[in-house]
Amino acid sequence: MAEGAVKLHAVVRADVGGFSLDVELTASAGRTVAVLGPNGAGKTTLLRALAGLLPLSAGRVVLGETVLDDPAAGVFVPPEQRPIGVVFQDYLLFPHLSAIENVAFGLRSRGMGRNQAHARAGEWLERVGLSQSASSRPAELSGGQAQRVALARALVSDPALLLLDEAAGGARRRHPGRGPPRPPPPLGLLRRRARVGDPRPLEAAALADGLVVVEDGRVVQTGPLEELTARPRSVYVAGLAGTNLLRGQATGSEIVLAGNPGGRVTTASPATGEVLAVVPPQAVALSRQRHEGSPRNVWAGRVDGIERIGDRARVRVVGPLTLVAEVTVASVHDLGLGEDSEVWMSVKATEISVYPA
């Protein structure tokens, strides 16, 4: 990164009611960071703190060479004075203003003349493909159009940091980039909400340069998408990646599973101490009878859910060990699988990846 380039370094400690947030993150100029986490993880609290809408109880937020928040030093820059653009999940457009007036609002509030502000707002509406809707009010716009107006409003002031709530990611991806040359894009943070077992947030976050996963107000994992999907460090991350994650105590090639003293997994990678083990769903074989031969990793269970994805099916099996298996739809039919069907699972030791917890 060039000397003097904008960089965000934030140590955010905040308390809201009984919830405590303690997150540290860094992002370099021109890079995009996707913040992932389940509902209630602290993503909204983090974005509000960065934007100055929620004061820190402790920590420090520095953008470039400017300290925006430092409770210990008595520093707090008000939201309207921060070089930050925010696109809220609900867009929060002014209903009585036209699209161009919404986009120009921030510029006008900073003292820019009406003609100049509207000219710049018009440029950004053209960039997001809405120049023909400049005179339309929010009630006359579709959801996608309102989203793009909100994005243009956040970008028109050339912010150093752009904060996008979850719904804004699509608008940013659809940004056609037309119009006159602009300065390099601002450092950006994308917030993404996700459900366990739903890989779509990670697919969307593939556009980000790095990921930060927050759970219960704490960072549980950071890194590029490939690292998170290959070596998830929590059940939530494994669910996003669409894989199975086990935790336990390893002695040689055997892992005694945490919280399941009777549960054991045999691997081809000897290890010692607390480990995590990834079991790809494609590696889980299903049958209605106990597998022949002497495989070490065999467990009985019952089908708890079946989800079809094209010609494949993800089958959740619960029992002494709960795993998701991915098989063909034809296999589901041939095995006669349905809710509460009794099945046997088997996994080859060589299919299991093991790494330190």
Side-chain angles (χ1 to χ4, degrees), residues 11 13 19-26 34-43 194-199 201-202 205 210-285 294-301 304 314 316-326 344-357:
V11 178
R13 298 192 174 98
F19 179 78
S20 174
L21 179 73
D22 189 349
V23 170
E24 181 173 353
L25 60 85
T26 299
V35 180
L36 306 180
N39 290 337
K43 303 180 300 297
R195 299 186 302 273
V196 174
D198 181 1
L202 278 188
L211 308 181
V212 176
V213 180
V214 178
E215 297 182 42
D216 297 323
R218 304 293 185 274
V219 175
V220 297
Q221 192 168 2
T222 63
L225 176 64
E226 296 77 11
E227 180 181 315
L228 267 68
T229 54
R231 291 196 163 197
R233 304 204 64 81
S234 75
V235 172
Y236 171 78
V237 179
L240 291 179
T243 194
N244 300 289
L245 182 67
L246 306 175
R247 181 185 294 268
Q249 197 73 21
T251 303
S253 60
E254 185 174 81
I255 301 174
V256 177
L257 301 179
N260 186 0
R264 285 175 165 75
V265 174
T266 299
T267 75
S269 304
T272 302
E274 189 174 4
V275 297
L276 294 170
V278 169
V279 182
Q282 300 87 346
V284 183
S294 57
R296 299 290 299 277
N297 296 318
V298 179
W299 309 277
D304 187 50
R314 291 174 65 85
R316 176 180 166 87
V317 181
V318 299
L321 186 64
T322 296
L323 294 173
V324 173
E326 184 175 314
W344 287 86
M345 301 181 291
S346 67
V347 179
K348 295 179 180 179
T350 54
E351 297 281 357
I352 302 174
S353 301
V354 181
Y355 47 95

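No hydrogens, no waters, no symmetry mates; every other heavy atom, side chains included, goes into these values. Everything numeric here is computed off the predicted structure, so don't read it as measured data.
Side-chain atoms of Lys43 do not come within 3.5 Å of backbone N or O of Val214 as any donor-acceptor pair. Here the side chain of Asn297 pairs no donor or acceptor atom with the backbone of Val265 at under 3.5 angstrom. Checking side-chain atoms of Asp304 against main-chain N and O of Arg316 turns up no donor-acceptor pair under 3.5 Å.
Here the CG-CG distance, from Leu240 to Leu228, works out to 8.5 Å after rounding to the nearest 0.5 Å. Considering OG1 of Thr251 and CZ of Arg264, their distance stands at 9.5 Å, rounded to 0.5 Å. Residue Asn244 holds its CG atom at 4.5 Å from CG of Leu323, rounded to the nearest 0.5 Å. Leu246 CG to Thr322 OG1: the interatomic distance, rounded to the nearest 0.5 Å, is 9.5 Å.
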>> Set out, in order, the CA-CA distance, both residues' side-chain angles and the distance that settles side-chain contact (heavy atoms from CB on, under 4.5 Å) for Ile352 and Val347, then state yes or no.
In response: CA-CA 8 Å; Ile352 302 174; Val347 179; 3.8 Å; yes

>> As a quick check of understanding, evaluate side-chain contact (heavy atoms from CB on, under 4.5 Å) for Val220 and Arg233, giving each step before the final call.
In response: CA-CA 7 Å; Val220 297; Arg233 304 204 64 81; 5.9 Å; no

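Counting heavy atoms from C-beta outward, Gln282 and Glu351 have side chains that stay 4.5 Å or more apart.
Not counting sequence neighbours, the partners of Glu227 by the side chain to side chain contact (heavy atoms under 4.5 Å, CB included) test are Pro224. Every residue meeting the side chain to side chain contact (heavy atoms under 4.5 Å, CB included) condition with Thr26, not counting sequence neighbours, appears here in chain and number order: Lys7, His9.
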Indicate every side-chain donor-acceptor pair of residues 267-281 with a distance under 3.5 Å to a residue at least two apart or in another chain.
| residue | atom | partner | partner atom | Å |
| --- | --- | --- | --- | --- |
| Thr267 | OG1 | Ser269 | N | 3.3 |
| Thr267 | OG1 | Ser269 | O | 3.2 |
| Glu274 | OE2 | Arg247 | NH1 | 3.1 |

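By the neighbour-count criterion of 12 heavy atoms within 6.0 Å, atom CZ of Arg218 is densely surrounded, having more than that number from other residues, nucleotides or ligands.
For Pro356 against Arg231, the heavy-atom pair with the smallest separation is CD-NH1, 4.5 Å.
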